[in-house]
**Q** 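I am attaching a structure below and will ask some questions about it afterwards.
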Amino acid sequence: MLLHFTKMHGLGNDFMVVDLVTQRARLEEAQIRRLADRRFGIGFDQLLVVEPPRDPDMDFRYRIFNADGSEVENCGNGARCFARFVRDQRLTHKHEIRVETAGGPLTLRVEDDGQVRVDMGVPRFAPEALPFDAAEDRLRHALEVAGERLEIGVASLGNPHAVLRVEDVDTAPVARLGPAIEAHPRFPRRVNAGFMQVVSPHEIRLRVYERGSGETLACGTGACAAVACGIRQGLLESPVTVHLPGGDLRIEWAGDDAHLTMTGPAVRVFDGRVALG
Ligand SMILES: N[C@H](CCC[C@H](N)C(=O)O)C(=O)O
């Protein structure tokens with residue numbers, strides 16, 4: 001069977017996008033890992049799957065799988081590509097698209113300038129929301145990693161994030177500490193590890209070692225988590241421009257129970273067909 005797909009990216013965080021509204025396929029974990037391989041497969045950070053909604057108030061179900069085949073709760077850069085994809089494929093003509101994810105509902109809005117604005121919901125910080133093994137919600141948690149005592153912020157955007165403030169992202173030990181934080185036993189379902197440099201109250205630089213995919217050129221939910229932690233810690237003020245290796249995102253959040261929004265680009269690269277062995 002040949003599966004049609006579209007290759008897309010959000011700031012270099014790249015995706016294989018599959019329409020399972022007009023196609024039928026079952027993708028197993030091992031198959032996803034093979035397709036994710038950048039030499040033996042198509043190559044992507046995440047697979048994004050478009051399905052009919054289960055909730056009648058939603059337009060689509062949005063499923064996300066990391067390169068290691070693990071299914072996860074949310075993908076911010078992917079959400080922007082999802083919105084462009086379903087409109088390009090004429091699966092909807094709406095400008096405002098409601099999608100259900102394993103991490104909760106998202107509202108995607110394709111702006112006139114081609115950027116996509118995503119209502120990411122309310123960021124949560126309680127350890128049980130990630131999950132993270134800690135006695136209480138704190139602005140910063142001490143974490144012993146690879147022989148070092150780190151101070152991290154934690155946040156959930158449906159998916160779990162640990163945020164470490166660094167002086168300079170260019171020299172941050174992402175390759176060494178990223179995997180150690182991702183797999184830390186206090187994160188029972190692993191975690192995405194963000195390395196945040198505060199440039200000013202309205203500007204940060206960020207690198208993210210992603211759960212299940214390694215360091216990516218950009219992480220949308222990681223940008224949301226870093227800004228949310230920074231605002232709570234009194235380091236940042238909304239709106240915040242996040243400079244990622246792949247480009248910039250605009251994050252807005254008024255704090256507390258306000259919804260956080262993320263705005264950025266979504267790019268279609270090519271269409272393809274792949275035989276599912
Ligand atoms: N690696 C993430 C999922 C993809 C998130 C990222 N690509 C984004 O843009 O938010 C996780 O395991 O939770």
Side-chain angles (χ1 to χ4, degrees), residues 7-17 29 32-33 36 38 43-49 62-85 99 101-108 115-121 123-124 129-132 154-163 174 178-179 181-184 187-196 204 206-229 242-251 253 260-267:
K7 191 75 181 10
M8 301 185 78
H9 75 82
L11 302 180
N13 182 200
D14 67 332
F15 309 110
M16 173 184 178
V17 189
E29 189 170 318
I32 294 171
R33 281 200 299 272
R38 295 192 182 283
F44 53 75
D45 292 328
Q46 279 88 29
L47 165 67
L48 310 181
V49 176
Y62 165 33
R63 298 178 72 186
I64 304 113
F65 299 84
N66 282 322
D68 69 358
S70 57
E71 181 165 7
V72 292
E73 309 89 345
N74 198 358
C75 176
N77 288 323
R80 302 195 312 275
C81 290
F82 187 103
R84 171 157 310 298
F85 178 78
V99 301
T101 74
L106 301 176
T107 301
L108 322 177
Q115 299 268 298
V116 183
R117 181 183 175 87
V118 183
D119 174 342
M120 300 290 286
R124 291 175 293 154
L130 274 81
F132 174 51
V154 298
S156 171
L157 277 293
N159 62 340
H161 290 269
V163 180
V174 176
I181 296 171
E182 179 202 11
H184 197 285
F187 294 97
R189 289 168 53 186
R190 299 185 292 165
V191 72
N192 299 282
F195 297 77
M196 170 177 71
I204 64 171
L206 181 71
R207 290 172 65 185
V208 182
Y209 187 91
E210 288 200 28
R211 177 181 61 170
S213 296
E215 182 173 6
T216 57
L217 290 177
C219 179
T221 50
C224 298
V227 169
C229 287
V242 180
H243 301 296
L244 296 134
D248 296 351
L249 288 174
R250 176 182 169 88
I251 310 294
W253 183 50
L260 180 148
T261 63
M262 167 193 63
T263 306
V267 176

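Remember, it's 1-based here, ligands and their atoms both numbered in the order they're listed. Since we're looking at a predicted model, the values are computed, not measured.
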**Q** For the residue pair Phe132 and Phe187, categorise the inter-ring angle as parallel (less than 30°), tilted (30 to 60°) or perpendicular (more than 60°).
**A** parallel
**Q** Compare all side-chain heavy atoms of Tyr62 with those of Leu106 and state whether any distance is below 4.5 angstrom.
**A**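 SC-SC contact between Tyr62 and Leu106 confirmed.
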**Q** Compare all side-chain heavy atoms of Val191 with those of Ile181 and state whether any distance is below 4.5 angstrom.
**A**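 In contact.
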**Q** Do Thr221 and Asn159 have a side chain donor and acceptor closer than 3.5 Å?
**A**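 Yes, a side-chain donor-acceptor pair sits under 3.5 Å.
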**Q** Would the distance check show the side chain of Arg80 and the main-chain N or O of Pro265 forming a donor-acceptor pair, the cut-off being under 3.5 Å?
**A** yes
**Q** Whether the side chain of Asn13 engages the backbone of Thr216 through a donor-acceptor N/O pair (distance < 3.5 Å, no angle test) should be reported.
**A** no
**Q** So which protein residues pack against ligand 1 under 4.0 Å, heavy atoms counted?
**A**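 Contacts of ligand 1 under 4.0 Å: Asn13, Gln46, Asn66, Val72, Asn74, Cys75, Gly76, Asn77, Asn159, Asn192, Glu210, Arg211, Cys219, Gly220, Thr221.
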